[in-house]
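Below is one structure; the comments refer to it alone.
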Amino acid sequence: MTTVPVARTATLPVPAQSTYQSRVADYWNAEENPVNLELGKIDDLYHHHYGIGAADRSVLDEPDAALRRERVTTELHRLEHAQAELLASHLGPLSPADRVFDAGCGRGGGSVVAHLRYGCHADGVTLSTKQAEFANEQARARGIDDKVRYHHRNMLDTGFETGAYAASWNNESTMYVELDLLFAEHARLLRRGGRYVVITGCYNDTYGQASREVSLINAHYICDIHPRSEYFRAMARNRLVPVHVEDLTEATIPYWDLRKEADHLVTGIEDTFLSAYRNGSFQYLLIVADRV
């Protein structure tokens with residue numbers, strides 16, 4: 001198998017960004033949220049997404065305040081890492097010679113998880129120069145920067161080589177872009193038979209239009225949450241055929257219930273997420289698709 005050279009940021013000038021994309025970049029360049037940073041410090045895996053699975057709520061019973069904060073932080077990180085492992089488990093089978101593409105990589109945790117699982121090469125892209133620099137420093141510290149690299153790029157127009165990737169994904173980043181443009185780029189980058197995976201929050205079309213809670217989440221993160229049906233329509237228009245769909249809504253509620261109890265980590269949006277999940281207007285969805 002011919003090894004595809006790693007795409008290097010230095011040789012790929014960043015495409016022009018829209019005003020909205022510049023606002024998104026500014027947001028993430030300025031972001032210093034403890035719920036992202038403190039969790040990542042546990043094992044230097046920095047995730048920018050939510051968690052799944054049953055939460056150990058006994059961590060709240062710890063009488064010592066400092067130790068309780070530490071235990072809650074560790075448990076939330078465990079749940080977020082479980083989400084990252086679930087996504088990575090749907091990328092394979094992959095070999096160490098394969099390339100994977102992390103669209104909207106944040107501070108880089110997902111690419112590291114994929115590399116540690118499969119030994120593969122990974123390219124992550126983010127609109128935030130700060131995130132790309134941070135993630136590359138983490139890769140260097142781990143001694144994996146020859147295989148895991150992060151780029152200040154636009155996920156809609158990466159400049160990377162057509163057909164170079166065996167798998168690609170978005171983990172809670174699709175709400176920042178138009179789905180047709182996004183899926184067209186994934187379809188271009190993936191080889192025939194390549195695997196695409198997305199985990200995302202989406203609003204439930206059967207509920208009607210986007211609910212008040214969904215609008216509040218949009219305002220909080222300056223994003224635009226898409227309706228569930230549009231994911232499948234846009235995939236069909238861009239040669240991505242779903243092979244597995246899983247509703248993770250119930251699986252993520254324990255994470256949010258615990259997070260709202262974490263006084264040192266709350267962001268003020270926790271009750272809104274829980275209300276939206278429980279009233280049925282918002283869903284947490286996993287979609288796995290093959291590029292045909």
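Values below: every heavy atom of this structure, side chains too, minus hydrogens, waters and symmetry copies.
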Exercise. Strictly by modelled atom types, are Arg107 and Gln138 linked by a side-chain donor-acceptor pair under 3.5 Å?
Worked result: no
Problem set entry | In one Ile/Leu/Val/Met/Phe/Trp/Tyr side-chain cluster, 4.5 Å: Val198, Leu182 | yes
Exercise. Does one side chain, of Gln283 or Thr249, offer a donor that lies under 3.5 Å from an acceptor on the other?
Worked result: no
Exercise. Do the side-chain N and O atoms of Thr267 and Arg259 include a donor-acceptor pair separated by under 3.5 angstrom?
Worked result: yes
Could you give the side-chain donor-acceptor pairs of residues 37-44 under 3.5 Å, partners two or more places apart or in another chain?
| from | atom 1 | to | atom 2 | distance (Å) |
| --- | --- | --- | --- | --- |
| Glu38 | OE2 | Lys41 | NZ | 3.0 |
| Asp43 | OD1 | Leu45 | N | 3.1 |
| Asp43 | OD1 | His77 | NE2 | 2.8 |
| Asp43 | OD2 | His77 | NE2 | 3.1 |

For this session: Decide whether Asp180 and Asn238 meet the rule of one side-chain donor and one side-chain acceptor closer than 3.5 Å.
Result: yes
Exercise. Is the closest side-chain heavy-atom distance between Asp290 and Tyr196 below 4.5 Å?
Worked result: no
Exercise. How about Tyr165 and His186: are their ring centroids closer than 6.0 Å?
Worked result: no
Exercise. So with a 6.0 Å cut-off around CZ of Arg23, is the heavy-atom count from everything else above 12?
Worked result: no
Exercise. Heavy-atom distance under 4.5 Å between the side chains of Asp271 and Lys260, does that happen here?
Worked result: yes
For this session: May I ask you to check whether Tyr231 and Thr200 show a side-chain donor-acceptor distance below 3.5 Å?
Result: yes
Exercise. Taking only residues two or more places apart in sequence or in another chain, which ones pass ring-ring contact (aromatic ring centres under 6.0 Å, His included) with His115?
Worked result: none
Exercise. Nearest heavy-atom pair of Glu213 and Thr272: which atoms, and what distance?
Worked result: O-CG2, 3.5 Å
Exercise. Is the closest side-chain donor-acceptor distance between Asn170 and Ser173 under 3.5 Å?
Worked result: yes
Exercise. According to a 4.5 Å side-chain heavy-atom criterion applied to Ile, Leu, Val, Met, Phe, Trp and Tyr, with indirect links allowed, do Phe232 and Val177 form part of one hydrophobic cluster?
Worked result: yes
Exercise. With no hydrogens and no angle check, do the side chains of Thr162 and Arg188 hold a donor and an acceptor under 3.5 Å apart?
Worked result: yes
For this session: Report yes or no: does Asn154 contribute a side-chain atom to a donor-acceptor pair with the main-chain N or O of Leu156 at less than 3.5 Å?
Result: yes
Problem set entry | Worked check of side-chain contact (heavy atoms from CB on, under 4.5 Å) between Phe101 and Val125 | CA-CA 8 Å; Phe101 170 54; Val125 301; 3.6 Å; yes
For this session: Indicate whether any N or O donor in one side chain lies under 3.5 Å from an N or O acceptor in the other, for Ser281 and Asn204.
Result: no
Exercise. Out of curiosity, does Tyr118 fall in the hydrophobic cluster containing Leu86 (side-chain heavy atoms, cut-off under 4.5 Å, transitive links)?
Worked result: yes
Problem set entry | Side-chain H-bond candidate by donor/acceptor type, Ser128 with His152, under 3.5 Å | no
Exercise. Ignoring hydrogens and geometry, is there a side-chain-to-backbone donor-acceptor pair from Glu75 to Asp56 under 3.5 Å?
Worked result: yes
Problem set entry | Residue among Tyr284, Tyr50, Tyr255 satisfying side-chain hydrogen bond (donor to acceptor under 3.5 Å, both in side chains) with Gln83 | Tyr284
Exercise. Hey, does the side chain of Asp98 reach the backbone of Ser95 with a donor-acceptor pair shorter than 3.5 angstrom?
Worked result: yes
Exercise. Heavy-atom distance under 4.5 Å between the side chains of Ile287 and Met235, does that happen here?
Worked result: yes
Exercise. Would a line drawn from the ring center of Phe282 to the ring center of Tyr203 be shorter than 6.0 Å?
Worked result: no
